[in-house]
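Here is the structure we will look at, set down as structure tokens.
All values reported here derive from a predicted model rather than from experimental measurement. Just so you know, residue 1 is the first one in the sequence shown, and it goes up from there.
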Amino acid sequence: MINKFAKMHNSVFTKIILTVTALSFMSLFGVSGYITSANSNKTVVKVDDLEMTQSEFNYFLQRKLLEFKNMSGIDLEEHAEQKSQITDALLKAKVDEMILENTMKKYNVDFPTSLVREIILVTPQFSVNGQFSREQFNWYLRQGGVEEKEYIKNLKLNLARSVLLDSQVSYANVPEIAQQMMAKVVGQRRTFKYVKVENKNVKVTRSPSKDELDQYYDDMKEELMIPEKRDLTVLYLAQNDLANKIEVTPEEIAAYYKEHIDEFEQPAQRHVLQMVFENEEKANVAYAKLQEGADFMTEAKEAGQTEADTDLGFVGKDDLADELSEIIFALPLNKISEVQKVADSWQILKVIEAKEAIKMPKTQAEAKIINEIRQDKAYDNSYEVVSEIEDKLGAGADLAAIAESYGVSLYNVKGVSEDGRYDSADDTLSEILKNKDVIDTAFSYNEGETGQAVETDDGIAVVKVDGIIESHEQPRDEAEAKLREFWLENERASIVQELVDNIQHDVDAGDDLTSVAHRYNLSVKNTMPVTRDEKIDVLTTDDMRTLFAALKDEPQIIKSGDDYVIAVTSDIFDDSASLSDADKKMILQTLYNENVREMTEALLQDFAKDYKIEVNQHRVGLNEE
């Protein structure tokens with residue numbers, strides 16, 4: 001298993017596999033020594049009293065394979081070796097998780113619900129406009145394919161990792177010699193020559209035959225399917241609709257005004273210039289010059305102050321120390337104060353602008369206050385409104401009657417699909433039809449049925465399914481343009497691939513890349529000396545690392561979108577490029593992370609010794625080694 005895992009790290013699928021499995025730590029800690037032969041209890045993984053059955057693991061695996069397909073576009077059911085790799089990684093992840101869970105119990109590591117709740121509430125991904133959104137939280141749970149209970153369990157496991165693992169290895173250090181060796185590798189310089197085979201430059205000299213297009217139509221019927229659409233009637237209670245029905249008493253208005261008085265008052269402010277001196281003598285000299293007509297800012301600069309030091313802008317009484325506040329607010333406009341002793345300094349002050357206090361009368365503030373109170377109450381009462389609607393539906397009321405009881409209209413939606421796009425709908429519903437919960441509800445009921453009320457950040461929606469247009473094949477004549485597009489795309493790709501294969505064959509046979517490029521009417525480009533962190537043409541950072549891992553004159557073929565780059569190293573220079581402070585920090589951080597990873601693996605392996613671990617690879621389709 002260790003050998004298989006090492007191979008996986010070298011696979012082109014590794015990066016996506018690690019993302020999908022979301023392993024907190026990738027240690028195997030001798031699992032191969034615990035592997036047992038198949039038995040009759042259908043358990044796949046068992047760590048002491050914790051176990052995962054074959055059906056549970058298969059569900060977990062299928063969920064992750066679907067995530068992999070969504071990320072990469074690759075169906076691993078058609079790629080046995082890669083499916084085996086991701087299955088192996090997921091199996092290890094489950095063993096890691098169970099060891100950590102058992103260790104939590106052994107050392108009584110637990111976390112209160114209040115802490116978990118606080119973490120969820122402040123997680124940026126779950127917020128909309130800076131406020132926690134239950135809708136956003138539920139969306140992320142659906143995207144991850146987990147229930148809230150499972151998410152909370154995983155969150156606690158991550159907290160436990162911080163306590164039991166991360167905190168124990170955070171002291172890892174990096175030897176100076178390791179930093180120097182890594183710096184030499186990172187700073188290595190090379191020159192390259194390369195050719196680009198670009199899809200857009202490929203000339204297609206023929207047209208598709210009818211038979212070819214017919215074959216495309218047969219082969220690509222899934223891509224040409226017209227998705228299911230639904231016609232809906234929507235009852236939508238906007239937050240404002242709910243708010244406008246709420247009565248606000250004079251007592252509530254008065255209490256709000258008093259509690260939020262700062263929103264309705266603007267205190268008096270003064271625009272102040274200030275000079276500060278360490279001794280009285282210098283202050284007196286400056287004051288004398290000011291009395292003779294000298295400019296305040298000029299004198300301040302001569303005293304060593306910047307403009308920012310001198311100009312305090314508009315300040316209120318609460319922004320100043322008491323002694324300064326009294327002086328400044330007693331000072332007439334454009335008059336200069338006498339030298340003032342303030343704490344351990346001597347100061348000269350000048351007020352150049354004044355804003356007097358403004359207090360908004362309650363009558364002017366009333367409209368704003370009423371709206372704020374209504375919005376707050378509407379948000380708090382939304383659960384009761386949802387329950388009220390559900391009760392009415394349960395009692396047999398139709399949407400028209402419910403809409404009338406709330407004084408709102410019903411809306412019709414034509415041809416909405418599961419991605420939220422629609423043929424026609426009122427502009428009022430443009431945001432609501434982007435809501436995943438609303439769309440899920442619309443596609444969860446049969447024709448003629450009314451779904452449950454859905455609470456969103458902007459209001460409450462109830463949908464009734466008026467009609468269902470089943471998914472169906474696009475007729476052959478209507479698909480003509482799309483079929484020609486598919487054909488042209490594949491024809492270009494075939495010509496590009498054939499050209500790349502020919503270049504690779506010639507270079508592998510010993511021909512120089514320059515002569516091969518000229519043979520196929522391609523231009524050759526030569527680079528200046530570059531490091532692995534610099535870029536060449538369309539190549540990514542990972543592509544550059546691939547080039548730097550190759551031997552001199554060893555060709556590398558790199559795919560970039562629909563195009564290809566064929567490159568070889570021309571020269572390797574012994575002198576390394578000097579590294580920036582950022583590069584040196586990156587090296588230190590990389591080596592530190594590797595040390596932490598190794599120490600974490602060792603610590604986890606030590607934890608594993610306390611438990612009986614059984615892993616049955618055969619039951620998940622892996623060969624036991």
Side-chain angles (χ1 to χ4, degrees), residues 11-13 15-17 19-20 62 64-83 86 143 195-230 414-424 433-434 436 439 443 468-505 520-522 537-540 542-543 557-566:
S11 165
V12 295
F13 288 84
K15 190 164 293 184
I16 299 179
I17 286 174
T19 303
V20 171
Q62 290 305 315
K64 292 301 182 181
L65 291 178
L66 180 60
E67 289 180 29
F68 184 95
K69 183 178 180 181
N70 292 337
M71 291 173 60
S72 66
I74 300 170
D75 185 355
L76 287 180
E77 296 295 348
E78 301 173 4
H79 300 271
E81 181 179 352
Q82 285 74 35
K83 180 183 176 182
I86 200 170
Q143 293 298 107
V195 296
K196 289 175 67 177
V197 180
E198 297 181 281
N199 184 282
K200 67 180 182 180
N201 294 333
V202 169
K203 294 182 179 180
V204 178
T205 57
R206 71 184 188 92
S207 299
S209 67
K210 182 178 181 302
D211 288 343
E212 284 179 301
L213 293 178
D214 287 344
Q215 187 62 54
Y216 268 89
Y217 182 72
D218 291 336
D219 293 343
M220 306 190 73
K221 284 187 176 180
E222 184 176 341
E223 289 85 348
L224 294 169
M225 289 291 287
I226 296 176
E228 177 183 325
K229 293 185 176 182
R230 297 192 168 206
K414 295 295 184 183
V416 67
S417 55
E418 287 190 88
D419 59 7
R421 288 184 287 187
Y422 49 85
D423 296 335
S424 65
L433 292 175
K434 296 176 184 178
K436 179 66 175 172
I439 296 299
F443 278 81
I468 299 176
I469 306 167
E470 300 288 352
S471 175
H472 57 280
E473 293 180 8
Q474 187 175 12
R476 170 65 178 81
D477 57 338
E478 294 180 12
E480 180 75 17
K482 193 68 175 178
L483 293 173
R484 287 182 175 274
E485 184 181 324
F486 284 148
W487 178 87
L488 182 60
E489 181 181 323
N490 283 304
E491 187 72 7
R492 285 181 178 278
S494 297
I495 294 172
V496 167
Q497 187 62 60
E498 182 179 2
L499 177 56
V500 170
D501 290 344
N502 289 338
I503 294 173
Q504 182 176 18
H505 174 272
Y520 295 105
N521 297 317
L522 296 171
D537 213 298
V538 297
L539 300 185
T540 65
D542 287 342
D543 296 335
I557 298 176
I558 298 171
K559 194 172 189 303
S560 176
D562 294 328
D563 306 328
Y564 285 86
V565 173
I566 300 98

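Here the side chains of L488 and V204 are in contact, with some heavy-atom distance below 4.5 Å. Within the 4.5 Å cutoff, side-chain heavy atoms of I503 are placed close to those of L522. Contact of the E473 side chain with the L224 side chain is not registered, since no non-hydrogen atoms from C-beta on lie closer than 4.5 Å. Between K482 and M220 there is no side-chain heavy-atom pair separated by less than 4.5 Å. For the pair K196/V538, a side-chain contact is recorded, criterion being any heavy-atom separation below 4.5 Å from C-beta on. Contact check for R484 versus P208: side-chain heavy atoms found under the 4.5 Å cut-off.
In E81, the CD atom is not crowded: 12 or fewer heavy atoms of neighbouring residues, nucleotides or ligands sit closer than 6.0 Å.
From Y216, atom OH reaches atom CZ of F486 across 9.5 Å, with rounding to the nearest 0.5 Å. A distance of 11.0 Å separates CG in N490 from CD1 in I495, rounded to the nearest 0.5 Å. Note: L483 CG to D477 CG = 10.5 Å, rounded to the nearest 0.5 Å. For the atom pair K436 NZ and I439 CD1, the distance stands at 8.5 Å (nearest 0.5 Å). Here the CG atom belonging to D543 is positioned 7.0 Å from the OG atom belonging to S560, to the nearest 0.5 angstrom.
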Q: Go through the steps to decide whether Q504 and D501 satisfy the test side chain to side chain donor-acceptor pair (under 3.5 Å), and finish with yes or no.
A: CA-CA 5 Å; Q504 182 176 18; D501 290 344; over 6 Å; no
Q.
Could you walk me through whether Q497 and Y564 satisfy the side-chain contact (heavy atoms from CB on, under 4.5 Å) test, starting with their C-alpha distance in whole Å, then the side-chain angles of each, then the deciding distance to 0.1 Å, before giving a yes or no?
A. CA-CA 9 Å; Q497 187 62 60; Y564 285 86; 2.8 Å; yes
Q: Determine, stepwise, if the pair V500 / I557 fulfils side-chain contact (heavy atoms from CB on, under 4.5 Å).
A: CA-CA 8 Å; V500 170; I557 298 176; 3.9 Å; yes
**Q.** Trace of the side-chain contact (heavy atoms from CB on, under 4.5 Å) decision for V195 with V565
**A.** CA-CA 6 Å; V195 296; V565 173; over 6 Å; no
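E480 has a carboxylate O that lies under 4.0 Å from a charged side-chain N of R476, or vice versa, which qualifies the two as a salt bridge.
Using modelled atom types, one finds no donor on one side chain facing an acceptor on the other under 3.5 Å when comparing D542 with T540. When only modelled atom types and interatomic distance are considered, D211 and Q215 share no side-chain donor-acceptor pair under 3.5 Å. No side-chain donor-acceptor contact under 3.5 Å links N502 and E498. Side chains of Y217 and Q474: no donor on one and acceptor on the other come within 3.5 Å.
In this structure, D563 contributes its side chain and N199 its backbone to a donor-acceptor pair below 3.5 Å. Checking side-chain atoms of E212 against main-chain N and O of S209 turns up a donor-acceptor pair under 3.5 Å. At least one donor-acceptor pair under 3.5 Å links the side chain of R492 to the backbone N or O of V202.
Of the residues R230, R421, E228, K229, the one that meets the side chain to side chain contact (heavy atoms under 4.5 Å, CB included) test with V416 is R230.
Between I469 and H472, the closest heavy-atom pair is CG2-CE1, 4.3 Å.
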